[in-house]
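In what follows, a structure is listed as structure tokens, so that the remarks can point back to it.
Quick caveat: nothing in here was measured; it's all calculated off a predicted structure. In this chain, numbering begins with 1 at the start of the sequence shown.
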Amino acid sequence: MITEQEIVDFIIKEYWETKLTSDSDVFSEVGIDGDDCDEFLQKYSEKYSVDMNDFLWYFHYQQEGNLNIGSLFFKNPNQRVKEIAITPKILTEFANSKKWKIEYPQHKLPKYRYDLIINSVLFTIVIVWLIVSLVKKYLT
């Protein structure tokens with residue numbers, strides 16, 4: 001049987017000493033988001049053999065803190081739902097059951113990530129502009 005203290009010790013080993021309680025939001029407490037949350041949960045699922053197939057990241061943390069101009073016009077998935085904290089109590093329960101078992105609220109995400117499409121279009125425009133500018137500068 002995996003204890004809550006074992007989970008807390010795992011979190012401390014992966015990050016640093018913190019004042020986690022049973023109901024602490026792990027990611028807020030240790031100050032991580034995005035890719036760091038993904039890495040932590042990957043290590044957690046491997047160490048405790050937890051099936052994460054039903055896990056929905058956008059209920060638990062924001063995406064990596066990169067520049068997302070498209071989100072000014074269209075919400076990211078995590079902005080469309082109410083956040084659900086991941087706590088040592090939850091991690092312990094799922095480590096013992098070997099399955100991620102949160103019943104997520106009914107929700108609907110758009111078919112496409114329009115915020116990312118806008119980012120891609122803007123990035124492409126900037127790259128094309130830079131190439132055209134360099135070509136004009138060096139070929140004229």
Side-chain angles (χ1 to χ4, degrees):
M1 177 116 183
I2 298 160
T3 66
E4 197 170 302
Q5 186 58 51
E6 183 179 341
I7 297 293
V8 169
D9 291 342
F10 173 72
I11 294 165
I12 290 169
K13 177 181 167 264
E14 291 300 318
Y15 293 98
W16 45 81
E17 187 72 38
T18 183
K19 296 176 183 171
L20 286 170
T21 65
S22 286
D23 296 318
S24 294
D25 181 337
V26 171
F27 298 146
S28 293
E29 186 67 36
V30 298
I32 61 171
D33 240 346
D35 293 344
D36 292 333
C37 297
D38 287 338
E39 289 173 22
F40 170 77
L41 289 170
Q42 179 68 35
K43 290 177 184 176
Y44 162 80
S45 71
E46 288 172 4
K47 180 171 177 66
Y48 298 105
S49 302
V50 177
D51 175 0
M52 301 291 286
N53 286 326
D54 295 330
F55 177 75
L56 300 175
W57 70 268
Y58 49 87
F59 274 97
H60 304 290
Y61 54 88
Q62 299 178 26
Q63 25 181 95
E64 194 66 27
N66 55 8
L67 181 62
N68 186 350
I69 295 170
S71 69
L72 296 173
F73 306 101
F74 297 97
K75 292 180 179 180
N76 297 331
N78 61 290
Q79 294 170 327
R80 295 174 179 271
V81 297
K82 187 175 187 296
E83 185 174 300
I84 299 171
I86 293 178
T87 65
K89 182 191 294 184
I90 287 171
L91 293 173
T92 304
E93 178 186 334
F94 298 163
N96 283 307
S97 71
K98 305 298 184 206
K99 176 103 174 114
W100 190 268
K101 295 190 294 190
I102 289 183
E103 289 194 32
Y104 293 105
Q106 192 76 345
H107 65 288
K108 184 174 179 169
L109 296 178
K111 186 175 181 178
Y112 302 104
R113 290 279 312 267
Y114 295 110
D115 59 316
L116 296 180
I117 292 170
I118 288 173
N119 290 345
S120 296
V121 168
L122 290 174
F123 179 75
T124 303
I125 289 170
V126 169
I127 294 300
V128 168
W129 176 79
L130 283 171
I131 291 170
V132 168
S133 296
L134 288 171
V135 167
K136 280 183 176 181
K137 181 178 181 177
Y138 292 106
L139 292 179
T140 53

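For Y48 against K98, the heavy-atom pair with the smallest separation is O-NZ, 2.9 Å. What you find for H60 and W100 is that their closest heavy atoms are NE2-CZ2, 3.9 Å. Residues V50 and A95 approach most closely at CG2-CA, 3.7 Å, considering heavy atoms. What you find for D33 and C37 is that their closest heavy atoms are CA-SG, 3.4 Å. Between L56 and H107, the shortest heavy-atom contact is CD1-CE1, 3.8 Å. For the residue pair I90 and A85, the shortest heavy atom distance occurs at CD1-O, 3.5 Å.
In this structure, Y61 and V26 have side chains that are not in contact, with every pair of non-hydrogen atoms separated by 4.5 Å or more. Counting heavy atoms from C-beta on, the side chains of I102 and F59 never come closer than 4.5 Å. In this structure, the side chains of K99 and D54 come closer than 4.5 Å at one or more pairs of heavy atoms.
If you chain together hydrophobic residues whose side chains sit under 4.5 Å apart, I125 and V135 never meet in one group. F123 and I131 end up in the same hydrophobic cluster when Ile, Leu, Val, Met, Phe, Trp and Tyr side chains are linked at under 4.5 Å. Placement of Y138 and V132 in two distinct hydrophobic clusters is found when ILVMFWY residues are connected by side-chain heavy-atom separations under 4.5 Å, directly or transitively.
Taking the side chain to side chain donor-acceptor pair (under 3.5 Å) definition, one finds that S22 meets it with E4, sequence neighbours left out. With sequence neighbours left out, the side chain to side chain contact (heavy atoms under 4.5 Å, CB included) criterion links D9 to Q5.
Salt-bridge check for K89 with D23: passed, with a basic side-chain N closer than 4.0 Å to an acidic carboxylate O.
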Yes or no on ring pair (Phe, Tyr, Trp, His ring centres under 6.0 Å) for F94 and Y44, after CA distance, side-chain angles and deciding distance?
-> CA-CA 10 Å; F94 298 163; Y44 162 80; 8.1 Å; no
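Residue Y104 places its OH atom among more than 12 non-hydrogen atoms of other residues, nucleotides or ligands, all under 6.0 Å distant.
Looking only at distances, no side-chain donor or acceptor of N96 sits under 3.5 Å from a matching main-chain atom of M1.
Put simply, CG on L41 and CG on D36 are 11.0 Å apart, with the number rounded to the nearest 0.5 Å. Distance CD/E93 to NZ/K101: 6.0 Å, rounded to 0.5 Å. Here CG of D25 is found 7.5 Å from CD1 of I86. Values are rounded to the nearest 0.5 Å. Interatomic distance, F40 CZ to L91 CG, rounded to the nearest 0.5 Å: 5.5 Å. The distance from atom CG of L130 to atom NZ of K137, rounded to the nearest 0.5 Å, is 11.5 Å. Expressed to the nearest 0.5 Å, how far OG of S45 lies from CE of M52 amounts to 5.5 Å.
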